[in-house]
**Q** 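Dropping the structure in here first, questions after.
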Amino acid sequence: MSATIIDGRAIAARVRAGVAGEVETFKRETGRVPGLATVLVGEDPASAVYVGGKQRACLEAGMAPFDRRLAADASFEEVAAQLEGLNADTAVSGVLLQLPVPEHLDGNALTSMVAADKDVDGLTPVNAGLLSLGRPGLRPCTPSGVMELLADTGVRLEGAEAVVVGRSNLFGKPMAQMLLAESATVTVCHSRTRDLREVCARADILIAAVGRPRLIQRDFVKAGAVVIDVGMNRLTPEQAANSSGLVGDVDFAAVVEVASAITPVPGGVGPLTIAFLLRNTLQAARYQAELETMLAEVDREF
Ligand code: NAP
């Protein structure tokens with residue numbers, strides 16, 4: 001058997017086209033333009049590439065990008081002041097602090113300063129809490145993207161055994177919550193899990209977000225399972241040889257023979273992250289527009 005290869009680029013393109021259409025309607029109806037602000041501290045080349053991609057995607061979707069950059073030695077107070085300014089700016093619907101920040105800064109504390117209604121990464125305590133309570137809020141982009149991939153592939157979640165490898169706040173924990181909300185039976189694994197292979201082999205849906213090249217081998221995967229590879233590991237130029245230089249957490253060449261569907265790296269989960277950042281920015285803009293209308297009505301009334 002050879003698995004269906006889930007085409008993340010095509011699915012992300014559909015999501016982005018849908019968002020762009022909805023942005024046009026939103027602008028016509030409200031006279032407002034959704035705006036996404038990215039804040040980059042320092043000159044990490046990979047982070048600069050990610051921020052550039054987000055800025056371009058924002059323009060392509062008809063939104064306004066705000067590109068804020070601070071020096072690598074910026075103080076906590078300087079970054080905090082930047083975030084507070086963006087929180088207060090009505091032209092900005094969403095605010096994203098590019099992680100990781102330089103070591104002398106507390107990334108968690110800074111992320112928590114983003115206003116909850118502009119937290120398009122879904123990482124503030126308010127949005128994490130809303131997700132865990134099953135209430136509406138802004139959800140982290142990558143697990144939202146995985147839910148879209150699963151839906152597009154027609155995977156039935158109700159009652160399915162789902163195993164998530166990785167328990168980060170950015171991905172593993174919100175992923176588990178989203179699967180649970182759809183009534184999957186969820187197990188979360190991490191570096192202290194006993195017999196990872198055995199736990200993974202139970203999964204109907206196996207999701208790996210570890211950051212260890214090809215950790216998930218063929219014998220970790222039940223025949224017919226759906227395998228989602230979130231890992232993005234950069235190879236050295238010698239290791240990369242003729243490949244893209246990116247490799248996932250799953251041994252793709254071996255697992256493709258046993259799974260029923262699998263995401264490649266690159267071209268699987270990655271493209272969905274930006275697509276859902278755009279969707280979140282539109283959601284934030286809608287929320288702020290509704291709030292403004294409601295407040296204006298209250299003002300007229302009294
Ligand atoms: P992270 O914060 O470093 O978390 C890694 C998780 O993997 C931790 O929970 C860790 O366990 C667990 N782990 C480490 N070694 C393990 C092992 N040998 N067996 C089982 N579990 C192990 O990473 P992250 O931010 O979640 O990202 C994970 C990967 O996904 C990275 O490659 C990252 O680049 C990629 N990623 C991709 C996207 C995208 O857009 N495609 C977005 C986010 C992340 P402990 O908690 O016990 O330490």
Side-chain angles (χ1 to χ4, degrees), residues 6-9 11-13 15-16 38 44-47 49-54 57 96-101 103 107-108 111 120-123 128 131 139-150 162-179 186-203 206-217 219-221 227-236 239-240 244-252 262-280:
I6 301 172
D7 186 348
R9 290 199 181 102
I11 297 168
V15 173
R16 285 171 65 161
T38 52
D44 176 59
S47 294
V49 169
Y50 292 144
V51 164
K54 288 166 187 175
L96 177 155
L97 174 66
Q98 184 66 38
L99 297 172
V101 289
E103 260 176 30
N108 279 334
T111 299
V120 283
D121 257 345
L123 295 178
L131 170 59
R139 307 296 197 225
C141 304
T142 308
S144 296
V146 171
M147 293 303 278
E148 181 74 21
L149 292 178
L150 293 172
V163 173
V164 180
V165 190
R167 57 171 164 180
S168 66
N169 292 336
L170 184 71
F171 183 81
K173 285 179 193 161
M175 185 74 256
Q177 296 282 1
M178 288 183 200
L179 291 164
V186 185
T187 305
V188 181
C189 301
H190 45 79
S191 65
R192 257 59 68 75
T193 296
R194 261 187 287 131
D195 206 343
L196 182 66
R197 184 188 317 258
E198 191 195 324
V199 181
C200 289
R202 290 206 302 258
L206 177 59
I207 302 176
V210 183
R212 300 269 183 282
R214 304 190 185 101
L215 174 75
I216 306 297
Q217 298 284 314
D219 57 348
F220 284 49
V221 179
V227 179
I228 306 290
D229 190 353
V230 183
M232 292 213 303
N233 307 293
R234 235 161 255 289
L235 300 175
T236 62
Q239 289 169 324
S244 68
L246 264 191
V247 61
D249 291 340
V250 175
D251 183 354
F252 182 88
I262 185 169
T263 55
V265 176
V269 174
L272 271 297
T273 299
I274 285 194
F276 274 83
L277 177 65
L278 300 174
R279 182 153 284 303
N280 277 355

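Side-chain atoms are counted along with the backbone in the values below, which use heavy atoms only and exclude waters and symmetry mates. Indexing begins at 1, ligand by ligand and atom by atom, following the structure's order.
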**Q** For atom 11 (O) of ligand 1, what is the closest protein heavy atom, and at what distance to 0.1 Å?
**A**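 Result: S191 N, 3.2 Å.
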**Q** Report the nearest protein non-hydrogen atom to atom 31 (C) of ligand 1: residue, atom name, distance rounded to 0.1 Å.
**A**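 For atom 31 (C) of ligand 1, the nearest protein heavy atom comes out as G211 CA, 3.8 Å.
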**Q** Going by the order shown, which atoms of ligand 1 are within less than 4.0 Å of some heavy atom of G166?
**A**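 Those qualifying, in numeric order: 6 (C), 7 (O), 9 (O).
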**Q** Do T38 and Q98 have side chains that get closer than 4.5 Å, going by heavy atoms?
**A**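 Side-chain contact under 4.5 Å: no.
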**Q** Do the side chain of N280 and the main chain of R139 share a donor and acceptor less than 3.5 angstrom apart?
**A**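 Flag set: sc N280 to bb R139 pair under 3.5 Å.
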**Q** Does the protein place a non-hydrogen atom closer than 4.0 angstrom to atom 27 (O) of ligand 1?
**A**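 Protein heavy atom within 4.0 Å of atom 27 (O) of ligand 1: absent.
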**Q** Who's the nearest protein heavy-atom neighbour of atom 16 (C) of ligand 1, and how far?
**A**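 Of every protein heavy atom, V210 CG1, 3.5 Å lies nearest to atom 16 (C) of ligand 1.
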**Q** Given R167, M232, R234, which has its nearest heavy atom closest to atom 33 (C) of ligand 1?
**A**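 Among R167, M232, R234, the closest heavy atom to atom 33 (C) of ligand 1 belongs to M232.
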**Q** As a check for students: among N233, N169, L196, identify the option with a heavy atom nearest to atom 19 (N) of ligand 1.
**A**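 Answer by nearest heavy atom: L196.
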**Q** Is the closest side-chain heavy-atom distance between V165 and D249 below 4.5 Å?
**A**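 In short, these two side chains do not touch, never coming nearer than 4.5 Å.
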**Q** Using a strict 4.0 Å cut-off to heavy atoms of T273, name the atoms of ligand 1 that fall inside it.
**A**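 Under 4.0 Å from T273, ligand 1 has these atoms: 39 (C), 40 (O).
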**Q** Counting only heavy atoms, which portion of V230 has something under 4.0 Å from ligand 1: side chain, backbone, both, or neither?
**A**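 Both backbone and side chain.
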**Q** To which protein heavy atom is atom 2 (O) of ligand 1 closest, and what is the distance rounded to 0.1 Å?
**A**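 Checking every protein heavy atom, the shortest distance to atom 2 (O) of ligand 1 gives S168 CB, 3.4 Å.
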**Q** side-chain hydrogen bond (donor to acceptor under 3.5 Å, both in side chains) with D251: which residues, sequence neighbours excluded?
**A**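 With neighbours one apart ignored, the set is empty.
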**Q** What atoms in ligand 1 come closer than 4.0 Å to a heavy atom of G270?
**A**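 In order of number, 41 (N).
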**Q** If we only count heavy atoms from C-beta on, is the R202 to T187 side-chain gap below 4.5 Å?
**A**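 With C-beta onward as the side chain, the pair touches.
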**Q** Is there a side-chain contact between D121 and T111, using heavy atoms and a 4.5 Å cut-off?
**A**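 Result no, sub-4.5 Å side-chain heavy-atom pair not found.
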**Q** Are I228 and L150 packed together at the side-chain level, in the sense that at least one heavy-atom pair is separated by less than 4.5 angstrom?
**A**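 I228 reaches L150 side chain to side chain.
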**Q** Write out the residue and atom name of the closest protein heavy atom to atom 20 (C) of ligand 1, then the distance separating them to 0.1 Å.
**A**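 Checking every protein heavy atom, the shortest distance to atom 20 (C) of ligand 1 gives H190 O, 3.2 Å.
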**Q** Check whether any heavy atom of G172 sits under 4.0 Å from an atom of ligand 1.
**A**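 No heavy atom of G172 comes that close to ligand 1.
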**Q** Can you tell me the protein heavy atom closest to atom 18 (N) of ligand 1 and the distance?
**A**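 Going by distance alone, atom 18 (N) of ligand 1 is nearest to L215 CD1, 4.1 Å.
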**Q** Any side-chain heavy-atom pair from V230 and T263 closer than 4.5 angstrom?
**A**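 Of all side-chain heavy-atom pairs linking T263 with V230, none is under 4.5 Å.
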**Q** For ligand 1, note which part of T193 has a heavy atom under 4.0 Å away: side chain, backbone, both or neither.
**A**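 Looking at T193 and ligand 1, no heavy atom falls under 4.0 Å.
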**Q** Would you give the length of the straight line joining atom CG of L170 to atom SG of C141, rounded to the nearest 0.5 angstrom?
**A**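 The CG atom of L170 sits 9.0 Å away from the SG atom of C141.
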**Q** Ignoring hydrogens and angles, tell me if any N or O in the side chain of S168 forms a donor-acceptor pair with the backbone of F171 under 3.5 Å.
**A**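 Yes, the answer is positive, given that a donor and an acceptor are paired below the 3.5 Å cut-off.
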**Q** Less than 4.5 Å apart, any side-chain heavy atom of I274 and any of R16?
**A**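 Yes, close enough: below the 4.5 Å cut-off.
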**Q** For ligand 1, indicate whether the residue T142 contacts it via side chain, backbone, both or neither (heavy-atom separation under 4.0 Å).
**A**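 Only the side chain of T142 comes within reach of ligand 1.
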**Q** Which of the atoms in ligand 1, numbered in the order shown and given with their element, are less than 4.0 Å from a heavy-atom of L170?
**A**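 Listed by number with element, the hits are 25 (O), 43 (C).
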